[in-house]
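Indexing begins at 1, ligand by ligand and atom by atom, following the structure's order. Fair warning: this is a prediction, and the values are worked out from it, not measured in the lab.
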Amino acid sequence: MAGRNRPVKIAIFSAKKYDREFIGAANGPRHELRFFEPHLSEETAGLATGFDAVCVFVNDQVNAVVIARLYSLGVRLIALRCAGFNNVDLAAAKKHGLTVVRVPAYSPHAVAEHTIALMLALNRKLHRAYNRVREGNFALDGLVGFDMHGKTVGVIGTGQIGTMVAQILTGFGCPTLAFDPIPNKTCRSLGVRYVDLNELFAESDIITLHCPLTPENKYIINAAAIARMKDGVMLINTSRGALLDTLSIIDALKSGKIGYLGLDVYEEEEEIFFEDRSGWILSDDVFARLLTFPNVIITGHQAFFTREALLNIAGTTIDNITKFENNQPLEKVAG
Ligand code: NAI
């Protein structure tokens, strides 16, 4: 793109009202933006005709076929406006010489705080209490919780978000265990004890996932892992849906092995999340079953969704595109 004498043209897929607002403001008059509501997929890739770059989000499909098509249309940059890049075929991007960039950090606080919100809401049954009080029912039966203080929390993945979660839990007085192939000093200085996964499963009252989804750790929480956990364990996933084998999770909810489940992500979420589907018939029976449990709280991939995070996402995305245009050093995922 260097040396181009016209503005860079960017096709922004899966665009919502807040994307227009925040990305539009961060861009000002710099680049030429076009917002498209559909996800990027094999069917919609043609919308990128005439664009230099595409900007995509968590549920856009950036597989080998889509990448080959984008390349043939002249696209040279894939700018993810999120941290995770499990939806991008990096080998295909490399093969075609397409650069892939992301927003590695926009607000670990946002996701960490949402994670803690799920823990507290599940523990103190706020979702049930809210409905009861609105119905004029002030009975406390069934609402008993537990003190967080003194409960052992297992954090899987202690990068930016996992570290922040550990920091907050320190304030609650929760002994914290962690599993991460690359332990970090901040966690160690907080008193976090790194253990292997089996020990983490066996000793934790609450387990929370903060690692990326990779081909190696798909279904890291499967039937065998669940069998090693404490009876009535609380499980929280704000990372990526396919870290959990959802059918095994449902079995464990039915048997009571899992006592609480908090999800912000779901493995088939691209068919469900980010749209108002209140007038639709839900065709995903697995998701529908999850919704029937009183000890399950699901939010629709909103952990990142704070004003601060949206400002940072928009700012970094526009900076990434500008640096690419000017051939400046860039933190790349591929290319
Ligand atoms: P990060 O890259 O700072 O940290 C990830 C950590 O996981 C690293 O320390 C890495 O060594 C570790 N790790 C890698 N494979 C692992 C494995 N198999 N087991 C245990 N640890 C492993 O990432 P960050 O910013 O903390 O984000 C974590 C994840 O949170 C992202 O990959 C993304 O999937 C998810 N996320 C969810 C959001 C939401 O709105 N729900 C928003 C942002 C991120």
Is at least one protein non-hydrogen atom found at under 4.0 angstrom from atom 23 (O) of ligand 1? no
Polar side-chain atom of Asn87 near backbone of Gln61 as donor-acceptor pair, under 3.5 Å: no
Show which atoms of ligand 1 fall inside a sub-4.0 Å distance from at least one heavy-atom site of His210. 5 (C), 7 (O), 28 (C)
Asn217-Thr214 side chain donor-acceptor pair, cut-off 3.5 Å: yes
Before you tell me yes or no, could you show the steps for His301 and Thr299 under side-chain hydrogen bond (donor to acceptor under 3.5 Å, both in side chains), namely the whole-Å CA-CA distance, both residues' side-chain angles and the distance that decides it to 0.1 Å? CA-CA 6 Å; His301 210 134; Thr299 52; over 6 Å; no
Closer than 4.0 angstrom, basic N to acidic O: yes or no for Arg76 and Asp52? no
Return yes when Phe305 approaches ligand 1 closer than 4.0 angstrom through a heavy atom, no otherwise. no
Verify the contact flag for atom 4 (O) of ligand 1, where contact means a protein heavy atom under 4.0 Å away. yes
For ligand 1 and Gln302, I'd like to know whether there is a polar contact (N/O to N/O, distance under 3.5 Å). no
So for ligand 1, is Leu213 a polar contact partner (N or O within less than 3.5 Å, distance only)? no
Test of ring centre spacing under 6.0 Å for Phe35 and Phe13: no
Thr115 and Thr238: side chain donor to acceptor below 3.5 Å: yes
Quick note on ligand 1: atoms under 4.0 Å from a heavy atom of Phe179 include exactly 19 (N), 20 (C), 21 (N)
Evaluate Gln160 for polar contact with ligand 1, using N/O atom pairs at a separation under 3.5 Å. yes
So for Pro181, does at least one of its heavy atoms come nearer than 4.0 angstrom to any atom of ligand 1? yes
